[in-house]
Amino acid sequence: MNAPAGPGPASHLFEARRKVLPKAVKGPFRRFKWAVMALTLLVYYATPWLRWDRGPYAPDQAVLVDLAHRRFYFFSIEIWPHEFYYVAGLLVMAAIGLFLVTSAVGRAWCGYACPQTVWTDLFQHVERLIDGDRNAQLRLLAAPWGPKKIARRIAKHAIWILIGLLTGGAWIFYFADAPTLARQFVRGEAPLVAYTTVGILAATTYVLGGLLREQVCQYMCPWPRIQTAMMDERSLTITYKFWRGEPRTRGLKRSKAAETHPVALLETGDCIDCNACVAVCPTGIDIREGPQIGCITCGLCIDACDDMMTRIGREPKLIAYATELDARAEQAGEAPVSPLRRLLRVRTLAYFAVWCAIGIAMLTMLEGRTRLELSVLQTRNPLWVRLSDGAIRNTYEIKVRNLEARPREIELTIGGVPGVVWAETGDRAGAGQSVRFRVEADKVAKERLFFAAPEAGPQRSDLRFTVRALDPQGEVATTTSHFERPEIRQ
């Protein structure tokens with residue numbers, strides 16, 4: 001059983017916390033958790049150090065949230081602030097992905113990939129390394145304070161704090177060039193916000209993963225409450241097969257004795273009440289009490305129970321992943337629902353279809369987007385100017401956005417009305433059918449242009465503005481505006 005906490009002054013208002021000290025266990029689900037933990041931690045800590053060549057005008061960090069220049073880089077993808085809808089789309093896909101996973105395989109996210117689960121698991125392994133396994137931890141917890149206990153407590157919490165610092169340190173590397181910021185951080189030359197961020201994240205990692213642990217899952221996290229509303233009789237959960245396990249035999253010796261007496265065997269179940277499933281549970285629940293919000297479906301109780309069933313010569317999977325329909329079918333002696341049929345149902349197919357549709361739409365938009373954007377604003381004061389030769393001149397504010405990580409030469413032409421165009425910095429003598437100018441890498445070029453046309457013509461005519469990049473890609477962007485002439489009086 002878990003170590004009880006002493007009564008507090010407000011113990012009459014709520015149950016005192018029982019410190020959860022899970023026991024180490026071996027088995028396929030434990031190995032899978034090891035693999036997921038290693039993969040997720042590797043991705044988190046190593047990603048800021050990956051390089052990606054974008055040319056001489058862009059950062060070479062593969063994943064970078066460049067707040068200073070308002071860019072988000074993800075390998076070959078570059079997101080501008082005005083394209084934040086891509087980030088929103090990814091968040092929507094993540095949410096729908098969680099819905100899909102929950103409806104298909106229950107709380108798999110909570111059991112294996114949730115950051116709280118991963119870091120808590122890491123902290124618990126550190127605790128076992130310093131204090132020993134569950135029984136040793138219980139003895140140390142009950143032992144009086146002395147040099148040995150103090151030394152172990154200092155070592156354990158020092159490693160926890162170090163893990164928290166590494167966690168916060170890895171996070172800030174996503175927002176600046178990692179090698180440069182690392183050198184600045186060590187030398188004390190990094191911005192104050194970097195040290196503040198590391199301190200906050202180190203504290204939260206230490207508190208949530210090392211001290212609060214299962215309380216975050218049971219009381220602080222809203223996701224379990226949401227998941228319960230999304231799960232149905234076809235969703236996978238950790239299931240204790242009570243029709244096999246009950247009534248319990250209360251110990252291995254009684255179980256062996258029951259096997260030698262056929263009549264007694266009929267009155268006992270496979271569960272010997274060894275509490276192995278409770279001892280390994282990271283949240284300290286007893287799965288034999290039925291579905292609970294504290295169960296994160298990590299599968300460690302399955303490993304523990306299967307090991308015990310193997311030892312006593314009983315059939316494994318007394319505790320197993322199963323849907324409510326599977327449990328009912330097995331209890332009735334019928335064949336369980338096939339995994340394919342369980343997955344291919346209206347809810348999961350709808351989630352998957354929506355998830356794919358959003359992903360395909362975003363990929364299509366990314367593939368079709370141009371790296372050149374044009375906007376035109378006609379100057380309204382004055383609306384038009386009559387030149388000395390009788391021609392009518394309109395003025396336009398041009399903005400050309402270059403989304404490439406290199407400078408580009410741009411040519412702008414105006415169609416729809418015969419006339420000439422020139423830049424404010426030039427003169428009409430050099431006017432022609434087009435103007436050229438340079439747009440720096442990842443910049444917006446602003447130009448004030450004049451366009452003159454003969455007075456004869458309609459009072460308002462449509463103009464088509466076209467910019468073309470003078471490079472092998474030759475990207476083109478167009479937009480429309482109007483050309484205004486004096487009102488024709490009869």
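One is the number of the first residue; the rest follow in order along the sequence.
The shortest non-hydrogen separation linking V278 to R288 is CG2-NH2, 4.1 Å. Between P282 and L300, the shortest heavy-atom contact is CD-CD1, 4.3 Å. Here the closest heavy-atom approach between residue A178 and residue P48 is recorded as CB-O, 3.5 Å. Q218 approaches T283 most closely through the heavy-atom pair NE2-O, 3.4 Å. Shortest non-hydrogen contact noted between V92 and I358 is CG1-CD1, 3.6 Å. C281 and V20 get closest at one heavy-atom pair: O-CG1, 3.7 Å.
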Run the side-chain donor-acceptor check on residues 206-213: report pairs under 3.5 Å with partners two or more places apart or on a different chain.
unit_1: Y206; atom_1: OH; unit_2: H157; atom_2: ND1; d: 2.8
unit_1: R213; atom_1: NE; unit_2: G210; atom_2: O; d: 3.2
unit_1: R213; atom_1: NH1; unit_2: E127; atom_2: OE1; d: 3.1
unit_1: R213; atom_1: NH2; unit_2: E127; atom_2: OE1; d: 2.8
unit_1: R213; atom_1: NH2; unit_2: E127; atom_2: OE2; d: 3.4

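Here the side chain of K149 pairs a donor or acceptor atom with the backbone of A143 at under 3.5 angstrom. The main-chain N or O of E404 is found under 3.5 Å from a side-chain atom of N402 such that the two form a donor-acceptor pair. For the pair W109 (side chain) and C114 (backbone), a donor-acceptor distance under 3.5 Å is absent. Listed for the T204 side chain is a donor-acceptor partner under 3.5 Å among the backbone atoms of I200. With hydrogens and angles disregarded, a donor-acceptor distance shorter than 3.5 Å links the side chain of Y195 to the backbone of F185. R134 contributes no side-chain N or O that, together with a main-chain N or O of P22, makes up a donor-acceptor pair within less than 3.5 Å. With hydrogens and angles ignored, the 3.5 Å screen pairs a side-chain donor or acceptor of S235 with a backbone N or O of S103. Here the side chain of R107 pairs a donor or acceptor atom with the backbone of I293 at under 3.5 angstrom. Of the possible donor and acceptor atoms, none in the side chain of K399 sits under 3.5 Å from a partner among the backbone N and O of V444. No side-chain donor-acceptor contact under 3.5 Å links N275 to the backbone of A279.
Rounded to the nearest 0.5 Å, atoms NE2 (H125) and OG1 (T120) are 11.0 Å apart. To the nearest 0.5 Å, atom CG of residue L42 and atom CE of residue M37 are 12.0 Å apart. To the nearest 0.5 angstrom, M308 atom CE is 5.0 Å from I272 atom CD1. Note that CD1 of I159 is 6.5 Å distant from CG of L129, once rounded to the nearest 0.5 Å. Note that the CD atom of E330 and the NZ atom of K241 stand 3.5 Å from one another [nearest 0.5 Å]. Distance CD1/I312 to SG/C274: 8.0 Å, rounded to 0.5 Å.
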* Determine, step by step, whether L90 and M362 satisfy the side-chain contact (heavy atoms from CB on, under 4.5 Å) criterion, reporting the C-alpha distance in whole Å, the side-chain angles of both residues, the deciding distance to 0.1 Å, and the verdict. => CA-CA 9 Å; L90 288 175; M362 291 177 60; 3.8 Å; yes
* Test side-chain contact (heavy atoms from CB on, under 4.5 Å) applied to D60 and W52, step by step -> CA-CA 5 Å; D60 64 349; W52 190 267; 6.0 Å; no
* Between I238 and C301, does a side-chain contact (heavy atoms from CB on, under 4.5 Å) hold up when you go through it step by step? -> CA-CA 9 Å; I238 301 292; C301 56; 3.6 Å; yes
* Quick one: do R128 and Q137 satisfy side-chain contact (heavy atoms from CB on, under 4.5 Å)? Show the steps, please. => CA-CA 8 Å; R128 293 191 191 102; Q137 292 178 40; 3.6 Å; yes
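Between D303 and R30, none of the side-chain N atoms (NZ, or NE/NH1/NH2) sits under 4.0 Å from a carboxylate O, so this pair counts as no salt bridge. The pair K26-D307 does not count as a salt bridge, with every side-chain nitrogen at least 4.0 angstrom from each carboxylate oxygen. For R328 and E233, the salt-bridge test passes: some basic side-chain N is under 4.0 Å from an acidic carboxylate O.
Within a 6.0 Å sphere centred on OH of Y85, heavy atoms belonging to other residues, nucleotides or ligands number more than 12. Other residues, nucleotides and ligands contribute more than 12 heavy atoms inside 6.0 Å of the NZ atom of K156. For CD of E189, the number of neighbouring non-hydrogen atoms (other residues, nucleotides, ligands) closer than 6.0 Å is greater than 12. Surrounding CZ of F352 are at most 12 heavy atoms belonging to other residues, nucleotides or ligands under 6.0 Å away.
Side-chain contact check for E78 versus L403: every heavy-atom pair is 4.5 Å or farther apart. Two residues are said to be in side-chain contact when any heavy atoms from C-beta on lie closer than 4.5 Å; W145 and I150 meet this criterion. Counting heavy atoms from C-beta on, the side chains of W49 and P179 come closer than 4.5 Å. Residues I287 and C295 are in side-chain contact: their nearest non-hydrogen atoms beyond the backbone lie under 4.5 Å apart. Contact check for V63 versus F75: side-chain heavy atoms found under the 4.5 Å cut-off. Within the 4.5 Å cutoff, no side-chain heavy atoms of Q116 are placed close to those of C221. Using a 4.5 Å heavy-atom threshold, the side chains of R408 and L372 count as touching. You'll find the side chain of D273 stays beyond 4.5 Å of the side chain of T249, heavy atoms only.
Between E83 and the choices R371, R401, R369, R71, the salt bridge (Lys or Arg N to Asp or Glu O under 4.0 Å) rule is met once, by R369.
Between F99 and W223, the ring planes are parallel. Angles under 30° get that label, and only those over 60° would be called perpendicular. Classification of the Y174-Y44 ring pair by plane angle, with boundaries at 30° and 60°, yields tilted. Aromatic ring pairs are classed by plane angle as parallel below 30°, tilted from 30° to 60° and perpendicular above 60°; the pair Y321 and F29 is tilted.
Under the 6.0 Å cut-off for aromatic ring centres, Y86 and F74 do not qualify, their centroids lying 6.0 Å or more apart.
Remark: Y45 pairs with L41, W119, I163, L166, T167, A170 by the side-chain contact (heavy atoms from CB on, under 4.5 Å) rule, at least two apart or across chains.
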